[in-house]
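Data block below; observations after.
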2 protein chains.
Amino acid sequence: MIAKPHSIDVRQHILDTAQRIIGGKGFAAVGLNEILGAANVPKGSFYHYFESKDAFGEALLESYFETYLADLDRRLSAPGRPMVDRMMAYWQNWIHTQGDCDAECKCLAVKLGAEVADLSEAMRAVLDRGTKAIIKRLGQALEEGMADGSLKVAGPAFSTAETLYQTWLGASLMAKISRSATPLEAAMRATRMMLHLDPPH
Amino acid sequence: MIAKPHSIDVRQHILDTAQRIIGGKGFAAVGLNEILGAANVPKGSFYHYFESKDAFGEALLESYFETYLADLDRRLSAPGRPMVDRMMAYWQNWIHTQGDCDAECKCLAVKLGAEVADLSEAMRAVLDRGTKAIIKRLGQALEEGMADGSLKVAGPAFSTAETLYQTWLGASLMAKISRSATPLEAAMRATRMMLHLDPPH
DNA sequence: AAACACGATTAGACCAGTCGTCTAGTGACG
DNA sequence: CGTCACTAGACGACTGGTCTAATCGTGTTT
């Protein structure tokens with residue numbers, strides 16, 4: 001564990017660059033050349049940091065979910081405001097991030113899920129763990145919301161969290177296909193309904 | 001073999017074979033050689049029937065939605081039974097088709113949607129038209145169900161149809177990622193809830 | 001301090017595979 | 001026969017991921 005000047009930097013730099021490009025074009029459609037060219041990293045270096053393109057994809061998804069979950073935690077644990085607000089702000093932000101960026105899909109679960117699930121068992125496993133972690137947190141948030149009295153859901157919180165996440169995944173897919181935000185707005189309406197907060201908010 | 005010119009046969013044979021393979025591996029990850037090899041069609045023929053791989057993908061999706069919509073119409077117009085039954089049978093069948101086949105994803109909207117939307121404008125357009133047509137039919141079915149008294153939904157039928165379809169898309173994506181049917185079962189519970197038929201059925 | 005050792009990093013060769021083109025060739029039917 | 005829809009598959013220009021050999025950087029030894 002010597003303080004390496006480049007190691008971590010270069011590795012992460014490749015991952016960050018790749019996330020933008022692969023988030024836009026998909027996994028199989030993008031070649032190493034394009035990524036490494038954009039990152040200004042010689043091709044030869046790649047296999048020093050990653051064992052294969054497959055292993056690289058695994059690392060890419062791990063890196064993605066790591067920052068995603070950290071951000072999610074930050075958003076859902078923001079103190080002071082009732083949980084409804086935090087949660088609805090999260091969905092609102094989903095609309096925001098998925099809506100404007102057509103080229104670079106911010107949500108890799110949406111962009112890569114279907115493509116990669118049958119392509120690489122390792123990548124599928126990371127996606128599985130990542131999405132399960134997201135749903136788990138959403139479920140905990142719902143329970144917190146019921147505890148602080150700002151939320152009320154029918155049935156177990158985890159079940160609702162699962163359905164909510166699935167709905168937003170599907171809506172994001174439809175948003176990509178239709179190149180419009182209306183599917184996301186439909187998801188927002190459905191979310192309000194599931195959480196029984198039609199009157200206010 | 002058959003007196004009828006091969007035109008239609010061969011063309012459709014290529015499309016059918018491709019649907020299986022591409023439904024399993026995705027669009028970019030599959031080369032023409034693999035498809036044509038499996039279909040026992042020489043490469044030279046391919047470019048007689050299709051202008052390019054891109055145009056071929058377009059035709060593939062068109063063919064897919066054509067048969068999908070025909071099947072959907074058949075299912076939803078089955079006479080005799082109330083619309084709830086027909087509709088729930090449709091979702092049940094969704095679980096059935098998406099659940100068992102891991103390799104060849106039957107629903108190309110799920111498998112190719114995210115990948116292709118940013119790859120080919122033509123293919124995206126077909127997906128857009130196809131999914132909109134499905135939602136439209138589901139909305140009409142919901143209205144029929146309200147007319148025959150077997151269904152009751154909150155708000156406009158089209159809105160509910162949109163949300164239902166999105167939920168099932170998302171659930172199918174999660175089913176692929178988790179390699180299990182539980183997301184689809186969650187979608188089924190959510191569907192029952194949205195249609196207010198928790199007690200019976 | 002100079003030479004060395006050795007792992008970290010890079011450069012580029014490598015071949016299999018990509019899409020798409022193109023010329024020959026087949027065979028059915030007017 | 002002649003025509004034309006269709007088949008056959010070699011070919012080219014290119015890109016894919018992978019790997020070996022050379023280079024660089026840094027700490028150690030003398």
Side-chain angles (χ1 to χ4, degrees), chain A residues 1-61 112 115-116 118-124, chain B residues 1-19 21-22 24-61 63 112 115-116 118-123:
Chain A
M1 297 285 269
I2 312 162
K4 303 164 193 172
H6 286 182
S7 286
I8 307 297
D9 282 347
V10 171
R11 200 187 120 101
Q12 195 58 44
H13 178 55
I14 297 176
L15 286 173
D16 292 342
T17 311
Q19 184 168 326
R20 267 186 294 118
I21 301 178
I22 288 182
K25 300 194 186 179
F27 187 71
V30 171
L32 265 11
N33 284 329
E34 183 174 355
I35 295 170
L36 298 172
N40 257 83
V41 170
K43 191 172 189 175
S45 297
F46 180 84
Y47 281 85
H48 172 70
Y49 295 105
F50 305 100
E51 204 173 288
S52 65
K53 194 193 184 189
D54 197 282
F56 166 69
E58 208 181 329
L60 177 70
L61 287 173
L112 300 183
E115 178 187 359
V116 147
D118 306 305
L119 207 66
S120 153
E121 175 58 23
M123 292 180 75
R124 204 215 92 232
Chain B
M1 307 276 197
I2 312 170
K4 179 85 178 175
H6 289 190
S7 286
I8 307 297
D9 283 347
V10 171
R11 199 187 120 102
Q12 195 57 45
H13 178 54
I14 297 176
L15 287 172
D16 292 343
T17 310
Q19 184 168 326
I21 301 179
I22 288 182
K25 300 193 187 180
F27 187 71
V30 172
L32 263 15
N33 285 330
E34 184 174 354
I35 295 170
L36 298 173
N40 258 84
V41 170
K43 194 177 209 167
S45 298
F46 180 85
Y47 283 90
H48 173 70
Y49 295 105
F50 305 100
E51 204 172 287
S52 65
K53 194 193 183 188
D54 197 283
F56 167 68
E58 208 182 327
L60 178 70
L61 287 173
S63 156
L112 300 184
E115 179 188 356
V116 147
D118 306 304
L119 207 66
S120 153
E121 175 58 23
M123 291 179 77

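Numbered from 1 within each chain, the chains take letters A, B, ... in sequence-line order. Only this structure's heavy atoms are used, side chains among them; waters, hydrogens and symmetry mates stay out.
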| For the pair made of CG in A:Asn40 and C1' in C:dT9, what is the distance, rounded to whole Å? | 16 Å
| task | Grab the NE2-C1' distance between A:His13 and C:dT9 for me, whole Å please. | result | 16 Å
| remark: When rounded to whole Å, the CG to C1' distance for the pair A:Leu36 and D:dT15 reads 13 Å
| field | Between C1' of D:dG17 and CG of A:Leu119, the distance in whole Å | value | 14 Å
| field | Distance test, side-chain N/O of A:His48 to OP1/OP2 of C:dT9, below 4.0 Å | value | yes
| field | Phosphate OP1/OP2 of C:dT9 contacted by A:Ser45 side-chain N/O (<4.0 Å) | value | no
| query | Are B:Lys53 and B:Tyr47 in a cation-pi setup, meaning NZ or CZ lies under 6.0 angstrom from the ring centre and within 45 degrees of the ring axis? | reply | no
| query | What nucleotide among D:dT7, C:dG20, C:dA8 has an atom nearest to a side-chain atom of B:Pro42? | reply | D:dT7
| Nucleotide-resolved protein contact map, nucleotides 14-19 of chain C, B/S/- at heavy-atom distance under 4.0 Å | ----SB
| query | At their closest point, which heavy atom of B:Ala122 faces which heavy atom of B:Asp54, and how far apart are they? | reply | CB-OD1, 4.2 Å
| Charged N to carboxylate O under 4.0 angstrom, B:Glu115 versus A:Lys25? | no
| said: I need the CZ-P distance between A:Phe46 and C:dA8, as an integer number of Å. | reply: 18 Å
| field | Candidates B:Leu32, B:Val10, B:Ile35 - the one meeting side-chain contact (heavy atoms from CB on, under 4.5 Å) with B:Val41 | value | B:Val10
| query | Looking only at side-chain N and O atoms, does B:Tyr49 come under 4.0 Å of OP1 or OP2 in D:dT7? | reply | yes
| field | Test ring-ring contact (aromatic ring centres under 6.0 Å, His included) applied to A:Phe56 and A:Tyr49, step by step | value | CA-CA 9 Å; A:Phe56 166 69; A:Tyr49 295 105; over 10 Å; no
| Residue that, paired with A:Thr17, satisfies side-chain contact (heavy atoms from CB on, under 4.5 Å) out of A:Ile14, A:Leu15, A:Ile21 | A:Ile21
